[in-house]
Number of protein chains: 2
Amino acid sequence: MSELAERSGTPVPTIKYYLREGLLPPGEAAGATRSRYVAAHVDRLRLIRALVEVAGLRLDQVRDILAAIDDSTDRAHAIGAAHRLLSPAPPHPPTTAAQSRVAALLSERGWLPEPTSSHAVALAAALDRLDAAGLTLSETALAEYADAAGRIASTDLAGVGGTAAAATAHAVVGTLLVEPVLLALRRLAQEDLARRRLGD
Amino acid sequence: MSELAERSGTPVPTIKYYLREGLLPPGEAAGATRSRYVAAHVDRLRLIRALVEVAGLRLDQVRDILAAIDDSTDRAHAIGAAHRLLSPAPPHPPTTAAQSRVAALLSERGWLPEPTSSHAVALAAALDRLDAAGLTLSETALAEYADAAGRIASTDLAGVGGTAAAATAHAVVGTLLVEPVLLALRRLAQEDLARRRLGD
């Protein structure tokens, strides 16, 4: 276990806690006081830590995501199930107008998310908030953002391969961990453009 | 004031609170118990509410951003100042390797953010977290993300015009309010791609 702690960068008491909570499968017995851990344990530990420390998820949510990954043989379905847990319902349901706008966008692009996609609801709620702030997004801007999002998603999924569990873990953690990269890049690009175009 | 409350969708007690706190300038006196409010008051109220409700900022942070907007005649500088307040320093300083990687990226693209840009630090910290999770971003992926961020920033700034204060308010609030739109679009695109490419 001390070797597992070293290789995963996780303290032994934390590993014991995850074992007790059933988040980490036990190692194969290799004597009275020793267990054998394999590379899958290291991967699983990294995944748990990323979900807790980066995504800020509670342990019960981490357990749900791990269950979706473990139970699924269909990678696309597992990614959808995990994403749903990461996009909670907005405090107010979106307006019918915003929902129609999102439905039209998905239909135009031939995007086929899960019928109950929480992201479609989150998108409609975000459009409502822009309207409320007097900053309604034009159809042109929304289409350009959707184009950019499509390219980003292609990059996201380019590296996904391997077993269903590994691919799903990669996609889920990658989605979360890459978000701050994208937001920082956008702000850097904005500041540069603002300086060039607007600097007085 | 009741008209202002109605037009801005903000309750009267909240408006009085913002007036007392100096976030909202007083209206022009129009009699003993009446004040005249103009369109700028409605805009300012919408901006304050967006910063509080969407960005989740504290009132002292909102005051700092409003001061940057009001004090600035240089729109690019005001945008940079406001953004810095929105990107707090990461809990751990990024590694030298990640900082060099970010410096190389900025230099290759000719991106010229403020020398002390908090976004460059945030980007380096985000790259470190990916490394720690065993999901190091390839140079290809980072370049593709930067391309997409550049296109998004062009869309962001396309609608920015008018006075320095209006342009800055638009850019700052737009940055924050559009983030959930982009993240939701990315997840929708991911789910669609995952279903098409990986669905078993």
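A note on names: the letters A, B, ... follow the listed sequences, proteins ahead of strands, and every chain is numbered from 1.
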Enumerate by number any residue of residues 138-149 of chain B whose heavy atoms lie under 4.5 Å from heavy atoms of chain A; in the absence of such residues, state 'none'.
A141(B), L142(B), E144(B), Y145(B), A146(B), A148(B), A149(B)

Could you walk me through whether V181(A) and L137(B) pass the side chain to side chain contact (heavy atoms under 4.5 Å, CB included) check?
CA-CA 10 Å; V181(A) 172; L137(B) 219 53; 4.2 Å; yes

Test of understanding: clusters of I, L, V, M, F, W, Y form through side-chain heavy atoms closer than 4.5 Å, transitively. Do V12(B) and Y37(B) belong to the same one?
yes

List the steps and the verdict of side chain to side chain contact (heavy atoms under 4.5 Å, CB included) for L185(A) and L105(B).
CA-CA 10 Å; L185(A) 284 170; L105(B) 176 84; 3.6 Å; yes

Check whether L45(B) gets within reach of chain A through its side chain, its backbone, both or neither, counting any heavy atom under 4.5 Å.
neither

Partners passing side-chain hydrogen bond (donor to acceptor under 3.5 Å, both in side chains) against R63(B) (at least two apart in sequence or in another chain):
E21(B)

For G150(B) and A189(A), work out which heavy atoms get closest and say how close.
CA-CB, 4.0 Å

Among residues 22-31 of chain A, those lying within the under-4.5 Å heavy-atom range of chain B are none

Winner by heavy-atom pair count (cut-off under 4.5 Å) against chain B, out of V42(A), L106(A), I152(A):
I152(A)

How far does CG of D128(A) sit from CG of L177(B), to the nearest 0.5 angstrom?
11.5 Å

Show your working on side chain to side chain contact (heavy atoms under 4.5 Å, CB included) between L123(B) and L183(A) and close with a plain yes or no.
CA-CA 8 Å; L123(B) 177 57; L183(A) 298 181; over 6 Å; no

Non-hydrogen atoms of R186(A) and A153(B) that approach each other most closely
O-CB, 4.2 Å

Are there residues of residues 93-102 of chain B that reach to under 4.5 Å of chain A by heavy atoms, and which ones?
none

At what distance, to the nearest 0.5 angstrom, does CG of L193(B) lie from CG of L157(A)?
6.0 Å

Linking I/L/V/M/F/W/Y whenever their side-chain heavy atoms sit closer than 4.5 Å, directly or via other members, would M1(A) and V38(A) fall into one cluster?
no

Trace of the side chain to side chain contact (heavy atoms under 4.5 Å, CB included) decision for R187(A) with E179(B)
CA-CA 11 Å; R187(A) 291 181 181 189; E179(B) 278 181 6; 2.8 Å; yes

